[in-house]
Chemist: 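Structure incoming, see below.
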Amino acid sequence: MSTEENPAAAPRSLAEALRGRDDVSLAALLRSRPDLITPVPTDLTQLATRAGTRASVVRALERLDRFTLQTAQALAIASEPATYDELLGLMAGDDGDPAVSAALPQALGTLREQALVWGGDDRLRLVRTARELLAPSPQHPSPTGLGPAVREAGAAISPGRVQEILATAGLPSTHDSVSALDALAGLFNDPERMSALLDQAPSESVEVLERLVWGPPYGQVTADPAPRLRWLLDRGLLLPTAPGTVVLPREVALRLRAGRAHRTTEPVPPPVEAAAAHRPQMVDATAAGQAYTALATVEELLKDWHEGGPGVLRAGGLSVRDLKRTAVALDVPEPVAAFWVELAYAAGLLASDGEADERYAATPAYDEWLERPAGERWARLATAWLAATRTPGLVGERDAKDRTLSALGPGLDRSSAPEVRHRVLALLAGLPEGAAADTGSLLARLRWERPPRADRTGGGTPSPYARRTPAQPAEQARGAAARAGGSGAPGYPADGAGAAGGDDDLRSRLARWTLAEAEMLGVTGRGALSSHGRALIGAPPAPRHADTRTEPAGPGDKLPVHHRQPPPPPALSPAEQATAAAAAARLLDPLLPEPLDHVLLQADLTAVAPGPLERPLADMLGVLADVESKGGATVYRFTPASVRRALDAGRSAADLHAFLAAHSRTPVPQPLAYLVDDVARRHGHLRVGAASSYVRCDDDAVLNEILADRRAAGLGLRRLAPTVLAARTDPAALLEGLRAMGFAPAAESAEGDVLIARADAYRTPPRTPPEPVPDGPPVPDDTLLAAAIRAVRAGDLASTAPRKPVGGSAGTAPGELPRTSAADTLAGLQAAVLTNDTLWIGYVNAEGGASQRVIAPIRVEGGFVTAYDHTADEVRTYPLHRITGVAELAE
């Protein structure tokens with residue numbers, strides 16, 4: 001039964017409309033607008049009040065798709081309350097539009113679900129705050145391009161002038177301005193009489209109307225308007241709003257638009273087109289190659305920072321110089337280097353050490369990560385990337401205070417980044433298997449799903465054409481209207497809860513960065529989503545072929561069929577994300593190259609690794625040789641310094657010969673064997689210890705040679721004994737100085753034993769990965785929703801249940817706390833214990849917060865009452881002195 005048939009059933013407020021909802025509908029509201037549940041409202045009246053606050057409404061509007069937002073904009077310029085037929089007319093126009101007719105029920109249902117619209121189809125009401133945000137005004141033109149209604153625009157016109165307009169328009173005079181303006185609006189709303197009036201208009205006057213019809217509707221006139229403008233002003237087709245400013249009334253614009261509120265309605269999301277198609281096997285192979293490169297790059301980055309990486313800037317982050325050095329070391333551009341650094345940081349593999357001279361280094365988690373299989377290591381990187389709010393693409397740009405944003409520094413968090421990444425990958429998952437998306441169509445789809453600020457509401461900076469002079473040349477006016485027309489308008493006022501003005505553009509940039517980063521990380525290959533990338537986001541199997549047909553809507557279709565893409569995969573819980581990451585790792589592992597246990601030694605003191613090496617072999621070879629080039633095959637070069645590095649790590653010459661012979665598919669070249677023996681012969685011939693430091697050697701001729709060398713002047717050496725030199729520098733500097741002079745000294749302990757320099761790297765203390773910055777309150781889970789709805793229902797029962805006074809108390813109307821004396825309060829509670837009755841009480845907590853509660857008293861003793869609290873659904877104890885009064889619930 002409709003509310004028209006049963007007016008008594010029509011809700012009179014949003015709170016009453018919420019009371020008529022079931023628990024499933026309330027859960028859907030709180031799930032779509034989680035800010036309403038933080039904290040849990042005490043009752044449905046408070047929930048309705050919170051749902052109408054400016055910040056909450058702005059947040060809800062920002063998350064509507066384009067067509068649903070257009071529906072809300074149409075309701076904002078409709079009568080209040082509006083009927084469904086009136087709304088349909090504003091959306092579909094006088095001629096109708098089957099696609100709009102099919103999509104409108106779903107859009108209206110979304111607005112109802114999110115408590116932005118309430119009432120039946122015969123009495124639709126947009127919440128007041130949303131109407132204020134979306135309705136047109138001189139300061140904030142409507143995104144529909146429509147101006148104020150005749151009654152609103154003509155309120156400032158003198159009564160005599162209103163009667164003159166009526167007479168010129170051919171309408172009888174009235175006794176007051178209100179009825180006169182209503183008669184004028186009736187003329188403009190009547191298609192036949194309006195057509196007859198426009199048929200009389202000069203062509204120049206019609207041209208002026210055509211310039212203003214799609215908005216902005218405001219223009220300027222001089223004190224002595226031109227005849228074409230005077231004709232319009234005399235008949236109310238243009239109404240003055242301020243000296244020198246006129247507006248096209250809403251009713252006139254709608255007649256000229258054939259009833260449409262928007263120039264173009266978009267009931268169907270634009271399809272994501274495929275730019276290219278590849279074999280799925282090729283996509284997976286390409287993505288796997290990129291995944292392997294990603295793992296190698298992160299390892300190389302952190303290996304380069306083994307001894308402690310670059311210092312931390314005073315303001316936090318990596319300096320420009322250090323980022324350039326990192327880019328050179330990784331052989332990538334600086335923006336790409338920033339991405340890899342931020343990725344390692346997001347995955348918890350990199351952090352600052354927290355020391356006085358703070359530096360970046362790998363964390364202990366990096367060593368654990370290295371021991372995992374390759375697929376699991378990649379899954380950890382990819383999962384961290386998906387959830388990270390830090391945005392490497394912003395590195396090098398300026399913040400609001402004109403400070404440069406640095407890698408690993410503050411100011412890089414953008415809370416919308418995870419949602420954009422997930423959505424981009426979900427849209428790729430909707431394409432046929434192996435298809436790469438056309439970037440333009442993908443961005444258009446994202447803009448439809450989350451319209452830019454210019455499409456949402458008319459606020460903030462006015463359009464440059466908002467005060468266009470109607471008398472300007474027609475070509476210029478038409479060009480201005482084309483640029484400012486449609487539903488384009490500036491954004492929300494500055495005090496809204498939306499993002500900053502640049503975030504509309506940032507969303508498109510985030511999408512572009514996502515496509516590039518997904519390719520570098522190996523989530524996609526050749527622009528298409530890989531099988532392991534699909535598993536990572538929990539997407540269903542890919543369709544085998546595209547379906548881009550446009551079919552008429554059938555009786556059971558809510559929307560016309562247009563490019564049938566599967567719905568986006570639901571958001572994954574942490575446990576589901578871990579399961580998806582494990583599945584992605586299992587799919588990726590067989591695609592990665594098997595690690596090799598051998599290299600190819602060459603006579604030019606190089607070794608070629610024809611593929612990835614097993615971890616122990618790669619670690620040892622990284623100590624014994626330097627990487628000369630990378631690619632499909634990695635080339636290592638043996639040098640005296642690299643061999644000495646292996647000897648410093650505790651290896652002997654025999655160990656190195658055995659290692660090379662065991663892991664080379666070619667014979668060990670003679671020059672390499674000679675190099676190892678020559679460096680080993682001289683290694684440890686000199687001993688360096690702490691005196692501040694000293695050098696000792698059994699061959700005093702070597703010490704004489706050191707003292708005679710000019711390069712030793714800075715070391716502050718002096719002879720203590722024939723075989724001992726003392727130095728002013730510390731042991732580490734002395735070691736480096738002697739090595740620079742061509743010697744191969746070894747460090748020794750205080751006991752005279754040779755110190756072995758392990759290849760183990762410097763690590764930070766245990767660190768946790770950076771927490772993503774949330775984009776508003778998190779979506780509550782089912783358990784929290786159920787508990788919150790029970791509490792709201794119970795609180796609403798307490799505030800709305802009929803009650804009767806106790807002991808002559810007054811002031812027990814709904815919404816007011818009961819007030820009784822201390823004696824009456826105690827008597828009422830004691831009587832309820834004996835009779836097992838339920839009472840309504842007012843309670844003030846320790847912070848001074850007042851609330852209403854429905855309780856069933858169990859016992860009263862010692863100045864406290866213990867009762868089952870129906871509002872909280874638990875047994876609680878309340879001090880009697882904090883109870884303002886009691887009242888019985890009516891029968």
Side-chain angles (χ1 to χ4, degrees), residues 303-308 325 357 359 604-606 620-628 636-660 669-762:
K303 188 178 294 183
D304 188 52
W305 292 2
H306 263 2
E307 301 302 326
R325 289 173 179 167
D357 183 18
R359 309 188 73 81
D604 61 349
L605 297 181
T606 61
M620 183 58 200
L621 198 58
V623 176
L624 182 57
D626 298 322
V627 176
E628 186 170 80
Y636 294 85
R637 177 163 294 279
F638 299 95
T639 65
S642 68
V643 174
R644 189 199 67 241
R645 187 170 62 229
L647 295 173
D648 286 343
R651 302 285 182 169
S652 65
D655 294 336
L656 298 183
H657 284 300
F659 170 80
L660 294 172
Q670 192 176 55
L672 179 56
Y674 284 169
L675 175 64
V676 172
D677 290 338
D678 183 56
V679 175
R681 186 181 308 111
R682 294 182 294 116
H683 185 264
H685 195 51
L686 296 177
R687 301 293 182 89
V688 174
S692 175
S693 60
Y694 63 85
V695 181
R696 68 181 182 88
C697 180
D698 295 335
D699 187 351
D700 57 351
V702 175
L703 298 183
N704 291 335
E705 181 183 350
I706 293 174
L707 288 173
D709 197 319
R710 292 182 179 180
R711 292 173 294 177
L715 300 179
L717 296 171
R718 61 187 179 87
R719 189 184 292 273
L720 295 182
T723 59
V724 179
L725 297 179
R728 291 193 301 269
T729 59
D730 60 83
L734 182 56
L735 279 167
E736 292 300 320
L738 293 176
R739 286 169 179 167
M741 294 165 61
F743 297 96
E748 71 177 17
S749 66
E751 291 78 19
D753 300 324
V754 175
L755 289 175
I756 296 176
R758 299 287 183 187
D760 296 339
Y762 175 73

Chemist: How close do P722 and D700 get, counting heavy atoms only, and between which atoms?
Modeler: O-CB, 3.2 Å

Chemist: Are more than 12 heavy atoms from other residues, nucleotides or ligands located less than 6.0 Å from atom CG of D698?
Modeler: no

Chemist: If you measure from the Lys or Arg side-chain nitrogens to the Asp or Glu carboxylate oxygens, is any gap between R645 and D626 under 4.0 Å?
Modeler: yes

Chemist: Is the number of heavy atoms from other residues, nucleotides or ligands under 6.0 Å of R719 CZ greater than 12?
Modeler: yes

Chemist: So, taking the atom named CD1 in I706 and the one named CG in L725, what distance separates them when rounded to the nearest 0.5 Å?
Modeler: 6.0 Å

Chemist: Does any part of the side chain of H683, heavy atoms only, come nearer than 4.5 Å to the side chain of V643, both counted from C-beta?
Modeler: no

Chemist: Starting from the C-alpha separation in whole Å, work towards a yes-or-no answer on side-chain contact (heavy atoms from CB on, under 4.5 Å) for L715 and L734.
Modeler: CA-CA 7 Å; L715 300 179; L734 182 56; 3.7 Å; yes

Chemist: Going by side-chain contact (heavy atoms from CB on, under 4.5 Å), name the residues that satisfy it together with D678, two or more places apart in sequence or in a different chain.
Modeler: R681, R682

Chemist: side-chain contact (heavy atoms from CB on, under 4.5 Å), that's the test. Do L735 and F743 meet it? Break it down for me.
Modeler: CA-CA 9 Å; L735 279 167; F743 297 96; over 6 Å; no

Chemist: Of all heavy-atom pairs between L656 and A646, which one has the smallest distance, and what is that distance?
Modeler: CD2-CB, 4.0 Å

Chemist: Measure across R711 and M741 and return the closest heavy-atom pair with its distance rounded to 0.1 Å.
Modeler: NH2-O, 3.4 Å

Chemist: What's the shortest heavy-atom distance between L720 and R718, and which atoms?
Modeler: CD2-NH1, 3.2 Å

Chemist: What's the spacing between L672 CG and H657 NE2 if we round to 0.5 Å?
Modeler: 8.0 Å

Chemist: Please report the interatomic distance CE(M620) to CG(D655), rounded to the nearest 0.5 Å.
Modeler: 8.0 Å

Chemist: Could you please spell out the steps behind the side-chain contact (heavy atoms from CB on, under 4.5 Å) verdict for L660 and L624?
Modeler: CA-CA 10 Å; L660 294 172; L624 182 57; 3.8 Å; yes

Chemist: What are the two closest non-hydrogen atoms of L647 and A680, and how far apart are they?
Modeler: CD1-CA, 3.6 Å

Chemist: For L703 versus V724, what's the shortest heavy-atom pair and its separation?
Modeler: CD1-N, 3.6 Å

